[in-house]
Amino acid sequence: MAEEKRTRSPRKKPDRIPRQEMPVRSAQDRIQDFEEVALGFDAVLAQKEAQRCLQCPKQPCVDGCPVSVDITGFIHLITEGDFIGAARKIKETNLLPAVCGRVCPQEEQCEQVCVVGKIDEPVAIGRLERFVADYERNQGTVVLPEVAPPSGKKVAIIGSGPAGITVSYELLQAGHKVTIFEALHELGGVLIYGIPEFRLPKKIVAAEIDTIKKLGAEIKLNMLIGKTRTIDQLMNDDGFDAVFIGTGSGLPMFLKLPGENLNGISSANEFLTRVNLMKAYREEYATPVKVGKKVAVFGAGNVAMDAARSAKRVGGDDTEVSIVYRRARDQMPAREEEIHHAEEEGIIFNLLTNPIRFIGDENNHVKEIECVKMELGEPDDSGRRRPITIKGSEHLVEADTVIVALGTMPRKFIAETSPDIKTSDWGTFLVDEESGETSKKGVFAGGDIVTGSATVIQAMGAGRVAAKAIKEYLAEN
Amino acid sequence: MYKIVSKEVLAPKITRFSIEAPEVAKSRKPGQFVVIRADETSERVPLTIVDSDPKKGTIDLIIQDAGFSTHCLTCCEEGDGFLDVLGPLGRPTDMHKYGTVVCVGGGVGTAVLYPIAKGLKEAGNTVVTINGARNKELLILEEELAKVSDELIIATDDGSYGVKGFGSTILQGMIDDKKKIDFVVAIGPTMMMKAVAEVTRPYDIETIVSLNAIMIDGTGMCGGCRVTVGDEVKFACVDGPEFDAHLVDFEEQIAKHHYYDEEQACQMDKIITDAEQERA
C-alpha cells in the first residue's frame, strides 16, 4: 500500500490511510522544560500521510493558503521521496515553512478546504510542511534562491516580523536592495518575543530568517522608526525609493479594572517577552520573571495559551495555572490544538467567569480577584453568544500572579511622525487592499499594523501582496 | 557594539559613560532615554541621556550601581562596548518659556535633571536649581548645573556641603519667601518627587516629575511601566517619562520599585559569592 502510487480516485474507501498522528512529548515530561512539545513526522510517517493527498486538479488548498504555497506540488514530491525538492517547492512562495508548519492555523485555511476532509480527516498539510522544512535544514542543504541582477533601487523595511521578512525575501530576489530596521535586539518580531520556545524553537526562526541575511539584506537593529529616524528622513535623506511598514500590533490592552496596576499583574506581552526574548527561564540570563503558586490568565486566544503554558513551566509542578474567560469553551479563539495541549498540561479552564476588580495585600501585591459568573445570551455582532453577568454571583478567586492576554493595538511612533499616513480610529494604517499602499506615496504597509492582531501567515500574505505592488511601483518610479 | 569612548567615576558607585551611538546622538532631545543591554545575558536597562555630541556621535549616560544589572554596566571599561543601545525613547521635555523655573534634583536623578535644566535655560527661562544629595561625596554635576542655572543651591541631607536639608524643604522656603515660581521640575528618588509634588500642590505651581519605571522594551510593548496618572493608566516609556506631579500615584510607583527586590538580592549574592570564590 505504501509504495502504491495514488491515483485520483476519492471513492477508494476500504483501504483508506488514516490521518497520521504527529508524535508529541508526554505532558508530564514536557512541562519540566521549554523544549519543543511536538516532535514532527519522520520520513515514513510523512510519506504515508502524503499519500492521502488526492492531487486534486482544482487545488482548493492552494487557494486556502494566504501565500499560495503549491501544496499539491510539494506533497507529490514527498510521495516520491524528494523531501529537499518539496522544501524548495514551498520556498518558492514561503520563506518560513518550518515556522508556518508549526504555528499556522491550517485547520482554518488549507486543511479546512482539503477535499479529503469532506469524507475523512483532511491531509495533515502543516505537519508535512514542517517535516520537509526540518529535513532540509537538518541535512544542511538549504540553498539560496536565484536573485535577479541589481536594480539599483533600495527599500526600507520597518519591522522584522513575518510581514517584513516576507517582503524582504521577495524584493531581494527581484534584485532590490533591502535594509531592515528592527527596534528590538533580535530579528523576528512576534516569532521571537511572542511565541514560546516549546511551540517554536528560536533556533529554527533564526535559521529561516538567516536566508534574508545571506541574500544581502542590510540589518539595522535597535532602530525605532518614528524615534531614531522618521519615514521622511529615510525617503528624503537616506535615499530609500520605497518603504514597507510591518511594525505589527505591539501595545498591550488591559482590562481597565480597579487594582490592575498592582504588583504581580502584567500583560502577556511583558510576561512572554521576559521569557522568550530575554530568556528569563534560563539561569544565566539576568532578566527576572516571577510566577507564584496561583496564576490567572485572562483571555482565551493563542497568546493566553502560550502565557498559561509558559507560566506552568516557570512556576513548576506546584503552580496552579487557570485560564479565566468570560465565554464558553467552544467560543475560545485559540486553536484547538493549543487548547488541547494546555488541558493536557494541567491548565485549569475557569470559563464563563469575568473579573470585576483586583484586590491587593499590604505590599500592593495582588492576592485575589473579584469575579462574577456569566451565562450565554443572544448572539452578538460577532455571531458568538453574548456573555451576560449572573446577578449575585460575585466571588473571590485567589491569585498571586495575573497575566492579561486581551490582545494588542498598534503603536503610534510612525503615525505621530508621519501624519500624511492615514490611520483608522484604532491606529491601524489604512491601505489599498490590492497593493498595501498607504496614503503616502511609496509607503506600503501590511500585517497587524493594518489588520490589528491576526496570524503569522496573514501577515505573510499581506507581505506578498505589498511586495508585488512595491516591485511594480519601483518599475514605474 | 556601541563603544564606550570614556568612563569617569563621578562619585562612589556613580559613573559617567560616553558612548558611540551616532543615530541617537543626532535625534535625541532633553528628557529622552535609551534602553541598553550590556551583553547577551544582560537585562535591558532604561537610562536617561544626560548629554550628546552629534558631531562626535556620542551620548553620555550616568549610571548608579544600584543592583545587579547597573552593577554589571558600571563594571564595563573604556574601549569596551554595550551590545545594544536603543533610542531616543520617550517624549522630550516640553521646552518653552515659563518664566522662573525651579529644578530640583536628588541623587542620581540630577543626571536626568541636567539636560532639562539646560534646555529650559536655552528656552529663555530663569533657572534656579537645587542640587541635592545625601552627602558631599555623592553630589554630582555641580559644575555643569552651575553653568546652566541663574542660581544654584547645593543641599545635602547631612549638611556636609551646602545647605543642610531636603530639596522639597528648600523649595517650600522659596515659596514662603514669596519668590515667584512658574514651573517646577523634580527628579530624584520617588519619595523626594512625591514630597516636591506636595509642596507645590497647594500653590497650583505646574510641576513635572520624570519617572524611573521598570520596563523591558521601552517601546510600548510590555506595559511593565504602567503608571496611574489622574484617572488614566499611562505607559512611562511612550507617554512619559515625564508626568504632571500632581496627578501621579507615587505610592503605586514605590511599590513597583520593590517588586523585584528578592531577585536583585539573589543576583547580588551571586556576584559576591563568585568574587569570593575567585579570591579563594
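Contact check for B/Leu83 versus A/His185: no side-chain heavy atoms found under the 4.5 Å cut-off. At least one side-chain heavy atom of A/Leu224 sits less than 4.5 Å from a side-chain heavy atom of B/Leu89. Residues B/Gln32 and A/Lys227 are in side-chain contact: their nearest non-hydrogen atoms beyond the backbone lie under 4.5 Å apart. Residues B/Ile216 and A/Glu270 are in side-chain contact: their nearest non-hydrogen atoms beyond the backbone lie under 4.5 Å apart.
Here the rule is side-chain contact (heavy atoms from CB on, under 4.5 Å) with B/Thr41, and of A/Met278, A/Glu284, A/Lys279 only A/Glu284 fits it.
Environment of NZ in B/Lys13: sparse, with no more than 12 heavy atoms of neighbouring residues, nucleotides or ligands closer than 6.0 Å. Crowding of A/Lys293 atom NZ: a count of heavy atoms from other residues, nucleotides or ligands under 6.0 Å exceeding 12. No more than 12 heavy atoms of other residues, nucleotides or ligands sit less than 6.0 Å from atom CD of B/Glu262. Surrounding NZ of B/Lys26 are more than 12 heavy atoms belonging to other residues, nucleotides or ligands, all under 6.0 Å away. In A/Lys177, the NZ atom is not crowded: 12 or fewer heavy atoms of neighbouring residues, nucleotides or ligands sit closer than 6.0 Å. No more than 12 heavy atoms of other residues, nucleotides or ligands lie within 6.0 Å of CG in A/Asp425, so this atom counts as exposed by the packing criterion.
Side chain of A/Asn269 to main chain of B/Met221: a donor-acceptor pair is present (N/O by atom type, distance under 3.5 Å, no hydrogens or angles). A side-chain donor-acceptor contact under 3.5 Å links A/Arg411 to the backbone of B/Thr219.
Judged purely by distance below 3.5 Å, without hydrogens or angles, the side chains of B/Ser27 and A/Arg229 never pair a donor atom with an acceptor atom.
Neither the backbone nor the side chain of B/Val35 comes within contact range of chain A; no heavy atom of the residue lies under 4.5 Å from a heavy atom of that chain. For A/Asn261, the parts lying under 4.5 angstrom from a heavy atom of chain B are both the backbone and the side chain. The contact between B/Tyr259 and chain A is made by backbone and side chain atoms together, counting heavy-atom distances below 4.5 Å. Of the atoms belonging to A/Glu362, not a single heavy atom falls under 4.5 Å from chain B. Neither the backbone nor the side chain of B/Ile36 comes within less than 4.5 Å of any heavy atom of chain A. Interface remark: B/Val227 contributes backbone atoms only to the contact with chain A (heavy atom separation under 4.5 Å). Heavy-atom distances place the backbone of A/Leu221, and not its side chain, under 4.5 Å from chain B.
To the nearest 0.5 angstrom, A/Leu251 atom CG is 10.5 Å from B/Cys222 atom SG. Summarising the geometry, atom OG1 belonging to A/Thr228 is positioned 6.0 Å from atom CG belonging to B/Leu86; distances are rounded to the nearest 0.5 Å. From A/Asn222, atom CG reaches atom CZ of B/Phe82 across 13.0 Å, with rounding to the nearest 0.5 Å. In this structure, the separation between CG on B/Asp261 and CG on A/Asn363 is 10.0 Å, given to the nearest 0.5 Å. Annotation: the span from A/Tyr285 atom OH to B/Ser42 atom OG amounts to 10.0 Å, rounded to 0.5 Å.
Using bins of under 30°, 30° to 60° and over 60° for the plane-to-plane angle, the ring pair A/Phe254/B/Phe235 lands in the perpendicular bin.
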Next on the checklist: Apply side-chain contact (heavy atoms from CB on, under 4.5 Å) to residues A/Glu416 and B/Arg91 and explain how you reach the verdict.
Outcome noted: CA-CA 12 Å; A/Glu416 280 176 351; B/Arg91 295 189 184 278; 3.0 Å; yes

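By number of non-hydrogen pairs under 4.5 angstrom with chain A, the leading residue of B/Lys256, B/Arg37, B/Glu263 is B/Arg37. The candidate with the highest count of non-hydrogen atom pairs below 4.5 Å against chain A, out of B/Arg28, B/His258, B/Glu252, is B/Glu252. Ranking B/Asp249, B/Ile254, B/Val233 against chain A, the residue ahead of the rest is B/Val233, based on heavy-atom pairs under 4.5 Å. In terms of non-hydrogen atom pairs under 4.5 Å with chain B, the most contact-rich of A/Gly248, A/Ser267, A/Pro288 is A/Pro288. Options A/His365, A/Glu260, A/Lys290 differ in how many heavy-atom pairs under 4.5 Å they form with chain B, and the most are formed by A/Lys290.
Ion pairing between A/Arg274 and B/Glu43 fails under the 4.0 Å rule for side-chain N and carboxylate O.
Nearest heavy-atom pair across B/Gly220 and A/Pro252 is O-CD, 3.3 Å.
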